[in-house]
Structure formats: structure tokens, C-alpha cells
Amino acid sequence: MAQPTIRVTVWNEFRHEKIHPKVQAVYPNGIHAVIAQALAAQPDLSVRCATLDEPEHGLTEAVLGATDVLLWWGHMAHSEVADEVVTRVQQQVLAGMGLIVLHSGHHSKIFRRLMGTGCDLKWREAGERERLWNVCPAHPITQGIGDYFELPHTEMYGEPFTIPTPDEQIFISWFEGGEVFRSGCTWRRGNGNVFYFRPGHETYPIYQDANVQKVLVNAVRWARPLLRQPSTCPQSEPLETIRSTPA
Ligand code: ZN
């Protein structure tokens with residue numbers, strides 16, 4: 001039986017690629033274009049992109065309503081994301097839309113809003129080696145990934161990462177300089193599945209990496225909504241006759 005189509009929106013701030021030649025060289029059409037291409041190669045995924053400088057950041061009610069899973073990459077312009085759009089995305093996640101937050105998206109308004117903590121970390125840009133350990137081999141997100149995979153040149157992110165304790169720990173990174181980091185984490189917020197995935201610094205071709213792409217494909221399928229329904233707070237009629245009402 002054919003799998004149902006999952007509607008994916010890849011959101012990218014899309015600023016570094018316009019102004020930094022080093023980033024343009026790695027992602028001439030934007031980080032979102034590379035991620036979208038990798039996802040669109042899967043027959044069960046239908047993919048669109050949205051960027052910060054579009055009206056409403058490309059995330060209108062109509063776009064979000066037709067999005068099963070939203071991916072989010074941002075870094076230098078988190079503060080330019082309108083609070084109204086952040087609230088709109090939050091409401092869709094609580095209703096059931098999946099959200100995958102990438103790399104420097106740890107400081108995005110939407111991630112901090114959903115986590116309720118600072119989401120701070122240590123960082124260093126030395127182009128060092130990273131080894132991502134698969135600590136949840138039975139999880140849908142790690143299927144096809146071995147015990148670990150490596151990225152030859154990355155920005156370091158180090159603990160403490162000030163997130164709420166994840167519902168599931170998926171990857172833990174080790175860096176050549178000695179630090180470790182919780183690089184893959186899941187949470188449920190309302191009906192929505194949230195996955196944070198660390199790799200993706202803009203000056204390295206990390207979204208071209210086959211393992212990274214495999215994780216993203218797996219994560220999209222994992223994060224798809226099983227129920228899409230806004231949360232309500234209704235007064236409830238009893239199912240049975242209540243006989244113990246006080247006099
Ligand atoms: Zn970075």
C-alpha cells in the first residue's frame with residue numbers, strides 16, 4: 001500500500017547565504033534548497049520552502065495549515081521573526097504539526113517558546129571533528145544509522161545545553177576538542193512531535209552529508225502528525241448520574 005504523502009515546509013532565515021561569500025560557496029541557493037532537495041527525493045514527501053524575508057516569513061495560516069512537518073534553520077536574525085508568527089507556529093505544533101529545529105535554531109524564538117528555557121550552550125568554531133553516537137538504535141529517527149557517524153569539520157556545541165530533559169535522547173556528540181553535547185533530542189508539546197538536531201553550521205557542507213540527510217528523512221516521517229486538533233478547554237457533562245453531590 002502506498003504511504004500517505006507527508007507535507008513538509010523547510011524554513012530558512014536565508015541571510016548568511018546572501019551576504020557571506022564563504023557561505024554562498026557552500027550553499028549558493030540557500031541551506032533550505034539543499035535540505036529540500038534531499039527530502040524531495042523521497043516519494044512520500046512533498047516539500048516546499050519558506051524564508052524570513054517573504055511576507056509573514058512565508059508562514060501564513062494557509063501554509064502552516066497545509067504543513068505536516070516544519071523544519072527550522074535560523075541564526076543571525078532570530079529577533080526579526082515576528083512574535084505573531086511564532087505564536088502561529090506554536091499553536092500549530094500544539095495542535096499536532098511536527099517541528100524539527102536545526103543547529104543554531106536552538107536560540108530561535110519558537111524553540112525557546114516551546115522549551116520554556118534559555119536553550120543556551122557553549123560553542124567554538126575551529127572546524128573540528130564530531131562523532132555523533134546513536135544512543136537510541138531502536139528509534140525511528142536512527143534507522144539506517146550505525147553505532148555512530150562522523151562529520152570531519154564542524155562547529156562545536158558543548159554542554160550544558162539548557163533545555164528541559166528530553167523525552168528521548170537520540171544522539172550524543174563527542175568533539176575533537178573534548179566536549180560532549182546532546183545532539184538529537186525529542187519532546188512532545190501538545191499533540192506535536194519536536195526534534196532538535198544539532199548538525200548544520202552554515203560554512204560547512206553538512207546538509208550534503210548522507211547520514212545527516214538520512215536522519216532528516218527519518219525525523220520527518222517520525223514527526224508527522226497522528227492527530228491534528230487544536231487544544232480546547234470545555235466544560236464537561238458527566239457520563240453517569242452523579243449521586244454524591246453535597247447537600
Ligand atoms: Zn553554527
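Whatever order the structure lists them in is the order used to number ligands and atoms, beginning at 1.
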Practice task
Could you list the residues that satisfy salt bridge (charged side-chain N to carboxylate O under 4.0 Å, His left out) with Asp83, not counting sequence neighbours?
Solution key: Lys109
Problem - Of the N, O or S atoms in His201, the one nearest the Zn ion (ligand 1) - result: ND1
Practice task
May I ask you to decide if Val10's main-chain N or O and Trp73's side chain share a donor-acceptor pair within less than 3.5 Å?
Solution key: no
Exercise for the section: Tell me which N, O or S atom of Glu155 sits nearest to the Zn ion (ligand 1). Expected result: OE1
Handout entry: Which residues share a salt bridge (charged side-chain N to carboxylate O under 4.0 Å, His left out) with Arg224, sequence neighbours left out
Key = none
Practice task
Identify the two heavy atoms, one from Cys185 and one from Gln169, that lie closest to each other, and give their separation to 0.1 Å.
Solution key: SG-NE2, 3.5 Å
Handout entry: N, O or S of His103 under 2.8 Å from the Zn ion (ligand 1)
Key = yes
